[in-house]
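Numbering of ligands and ligand atoms starts at 1, following listing order.
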Amino acid sequence: MADIDTFDHGLAALKAIVGDGGWLDQPGDMAPFARDWRGGYDGVAALVVKPRSVDQVVELVKCANKYRIGLVPQGGNTGLVLAGIPDQSGRQVVVSLERLNRIRAVDADDFSLVAEAGVILTQVQEAAEAVDRLFPLSLGSQGSARIGGLVSTNAGGVHVLRYGSMRALVLGVEAVLPNGEVFHGLTPLRKDNTGYDLKQLLVGGEGTLGIVTAVTLKLFPRPRDVVTAWVALDDPDKAVGLLAHLRAATGDQVCAFEMIPRIGVDLTLQHIPDTRDPLPGTPSPWVVLTEMSSTRADSGLREVAEAALAEAFERGLARDAVLAESQAQGQAMWKIRETLPLAERMDGIGLHHDISVSVARMPAYITEGTAALEALMPGVRVIAFGHLGDGNIHFSVHGPLGMTPAEFYGRAREISACVYELVLKYGGSISAEHGIGMEKREQLAATADPAKLWALRAIKTALDPNGIMNPGKVV
Ligand SMILES: Cc1cc2nc3c(=O)[nH]c(=O)nc-3n(C[C@H](O)[C@H](O)[C@H](O)COP(=O)(O)OP(=O)(O)OC[C@H]3O[C@@H](n4cnc5c(N)ncnc54)[C@H](O)[C@@H]3O)c2cc1C
């Protein structure tokens, strides 16, 4: 990378491209762009630039190549693996896409929408709804996460069970590649078999292969009948049985199936204002929050769901359940699930593992993983929650009450090794939906299939020979 003199020239050139009002260089102003959402890591940015146009992004990338300056693309900075923030060298420049924030087109007949990288997810959802369509991606950070970040992390969320993750929702991508060329891939085509799929390399690329400037997204018919249920049950085994039962009994209308342990519900009720237990009389060890939906207003889904749940009680799969009577009640149930990561952050010390194994093996994984951690650290608090319908659990490990952060984090490697070794034993993935970033780079290198690692590194070197795109992330 550049020596100091050239580096300073490079920074001045980057500032000139975006002009006054388009950059920040004071430590206090840059700090929020360099801080991890969980607050556990502070990077150091050399500069923050906020391009207003694709042309400016092109010039920034060309300039970074000339001066060999590392660029870190950033959207809403809600990522959870230290991927969208600079390292601590003070030599990397954050490229915030927040000013590239137009919805360029919405086509109801084509079931597609074109959004720039800086558009916030809720704005896309609203734009789709305005033309009576659904953009189904939905997650706890949707009020802050931006389309470029969501694409670059291949975000999942609560509706993957029916609609797939971002990879399945992106039809086309426009991006500035590491050599400064624009990839004009904003197609609405559903089928395009013309060679390697560059779009899919950028989806989940975590900003290491280019800067996404806009995407074409897939829309769906809007659900008109939605049933949200909060179900009390004994254990994850029962939850897996309930999922299969509800899918069959409702004509596969289940679009979300989230599981939370009692400790997770209690943590949220304790820390998040305006939350209440939907089933205060049945404090079961586990709960499932499930959503079923139909595009027909007269689908009779509520009666179908009630009958299916009654059968689930008879079969011992569930203890009790409550169906939301209104949209507001449904939203109150979802608030408990969606603010759980925030409640965890407020609780203080914890280690978070976003893992997947097959749906059927998840109960055994949770049981074995919890037992192994309890043996390692008596009193440890495991909060295994999330997208059970996709075989994806956020396996959070919180220290025993009273343990100091220094003591707990001193054993972080041991704890995470225990979680990941078991994931591999179960044939799972060390990153289900959050990505690799700086946080899991070592684990990826240590555990990935050698042929896959070779190919990932070859692709990175071929597309970004100067290593300017998000250096130090993924590979
Ligand atoms: C409360 C909470 C709940 C969450 N729930 C979920 C969930 O259910 N499912 C899930 O998958 N994730 C979840 N996340 C994680 C996070 O919201 C997602 O990873 C999201 O996709 C990040 O979007 P962002 O705009 O904040 O990206 P950032 O954090 O800014 O960046 C993420 C990555 O994308 C890259 N990037 C950003 N913009 C661009 C661009 N224009 N071009 C190229 N690269 C770019 C960055 O360099 C970085 O590698 C959650 C986070 C929080 C805080």
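A side-chain donor from one of Asp354 and Asn392 sits under 3.5 Å from a side-chain acceptor of the other. With hydrogens and angles left out, the side-chain atoms of Ser165 and Asn154 include a donor and acceptor closer than 3.5 Å. In the model, Glu174 has a side-chain atom that pairs as donor or acceptor with a side-chain atom of Thr213 under 3.5 Å.
Nearest-residue assignment for atom 7 (C) of ligand 1 (options Glu344, Glu116, Glu433; heavy-atom criterion): Glu433. Proximity annotation for atom 5 (N) of ligand 1: of Leu137, Leu139, Val81, Leu139 comes nearest, heavy atoms only. If you check each of Gly386, Ser141, Gly435 against atom 52 (C) of ligand 1, the one with the closest non-hydrogen atom is Ser141.
Residue Val72 has no N or O atom closer than 3.5 Å to an N or O atom of ligand 1. At under 3.5 Å, not a single nitrogen or oxygen of Leu80, backbone or side chain, sits near a nitrogen or oxygen of ligand 1. Not one N or O of Val158 is nearer than 3.5 Å to an N or O of ligand 1, by distance alone. By the 3.5 Å distance cut-off applied to N or O atoms, Ala145 is not counted among the residues near ligand 1. The shortest N or O to N or O distance between Thr78 and ligand 1 is under 3.5 Å. For the pair Leu97 and ligand 1, the shortest N or O to N or O distance does not fall below 3.5 Å.
Cation-pi contact between Arg91 and Phe7: present, with separation from the ring centre below 6.0 Å and deviation from the ring axis of at most 45°. With a 6.0 Å cutoff to the six-membered ring centre and a 45° limit on the axis angle, Arg345 counts as a cation-pi contact of Trp37.
Looking only at heavy atoms of the protein, atom 30 (O) of ligand 1 is closest to Gly75 N, 2.7 Å. Scanning all protein heavy atoms for the shortest distance to atom 31 (O) of ligand 1 gives Gly84 CA, 4.1 Å. The protein atom (non-hydrogen) at minimum distance from atom 29 (O) of ligand 1 is Gly79 N, 2.8 Å. Scanning the protein heavy atoms around atom 24 (P) of ligand 1, the nearest turns out to be Gly76 N, 3.4 Å. At the top of the distance list for atom 46 (C) of ligand 1, counting protein heavy atoms only, stands Pro73 O, 3.1 Å. Looking only at protein heavy atoms, the nearest one to atom 11 (O) of ligand 1 is Gly156 N, 2.8 Å. When hydrogens are left out, the protein atom nearest atom 27 (O) of ligand 1 is Gly149 CA, 3.4 Å; that is the closest non-hydrogen contact.
Those atoms of ligand 1 that come under 4.0 Å of a heavy atom in Thr153, given as number and element, are 19 (O), 20 (C), 21 (O), 32 (C), 33 (C). Of all atoms in ligand 1, listed by their number and element, those nearer than 4.0 Å to a heavy atom of Asn470 are 47 (O), 49 (O). Within ligand 1, the atoms closer than 4.0 Å to a non-hydrogen atom of Ala117 are 41 (N), numbered from 1 in the order shown. Applying the 4.0 Å criterion to heavy atoms of Ile211 picks out, from ligand 1, the atoms 42 (N), 43 (C). Taking every non-hydrogen atom of His434 and a distance limit under 4.0 Å, the qualifying atoms of ligand 1 come out as 10 (C), 12 (N), 13 (C). Here is the list of ligand 1 atoms found below 4.0 Å of a heavy atom in Glu206: 47 (O), 49 (O). The contact set between ligand 1 and Ser152, taken as ligand atoms under 4.0 Å from a residue heavy atom, comprises 34 (O), 35 (C), 36 (N), 39 (C), 40 (C), 42 (N), 43 (C), 44 (N), 45 (C). Listed by number with element, the atoms of ligand 1 under 4.0 angstrom from any heavy atom of Arg146 are 24 (P), 25 (O).
Both the backbone and the side chain of Val212 come within 4.0 Å of ligand 1, judged by heavy-atom distances. Contact annotation: for Asn154 versus ligand 1, there are no heavy atoms closer than 4.0 Å. Using a 4.0 Å cut-off between heavy atoms, His387 contacts ligand 1 through its side chain alone, with no backbone atom that close.
Taking the six-membered ring for Trp, His394 and His387 have ring centres closer than 6.0 Å. Aromatic ring centroids of Phe220 and Phe111 lie 6.0 Å or more apart. Taking the six-membered ring for Trp and the full ring otherwise, the centers of Tyr365 and Phe395 sit less than 6.0 Å from each other.
Formation of a donor-acceptor pair under 3.5 Å by the Thr250 side chain with backbone atoms of Gln253 is found in this model. A donor-acceptor pair is defined here as one N or O able to donate and one able to accept, closer than 3.5 Å; such a pair exists between the side chain of Arg99 and the backbone of Lys50. In this structure, Asp449 contributes its side chain and Lys452 its backbone to a donor-acceptor pair below 3.5 Å. When atom types are taken as modelled, the side chain of Ser53 and the backbone of Gln56 share a donor-acceptor pair closer than 3.5 angstrom.
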Would you please test Ser396 and Glu344 for side-chain hydrogen bond (donor to acceptor under 3.5 Å, both in side chains) and show each step?
CA-CA 9 Å; Ser396 298; Glu344 285 195 282; 2.8 Å; yes

Would Ile260 and Trp230 count as a side-chain contact (heavy atoms from CB on, under 4.5 Å) if you check the C-alpha gap in whole Å, the side-chain angles of each, and the deciding distance to 0.1 Å?
CA-CA 10 Å; Ile260 317 174; Trp230 182 271; 4.2 Å; yes

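Ligand 1 has Asn77 within reach: a non-hydrogen atom of the residue lies less than 4.0 Å from it. Gly210 counts as a contact of ligand 1, since one of its heavy atoms falls under 4.0 Å from the ligand.
Look at Asp25 and Lys15 and you find a salt bridge, because one of the NZ, NE, NH1 or NH2 atoms lies within 4.0 Å of a carboxylate O, short of that distance. Salt-bridge annotation for Arg162 and Asp252: absent, with no side-chain N of the basic residue lying under 4.0 Å from a carboxylate O of the acidic one.
The shortest distance between side-chain heavy atoms of Trp334 and Leu289 falls below 4.5 Å.
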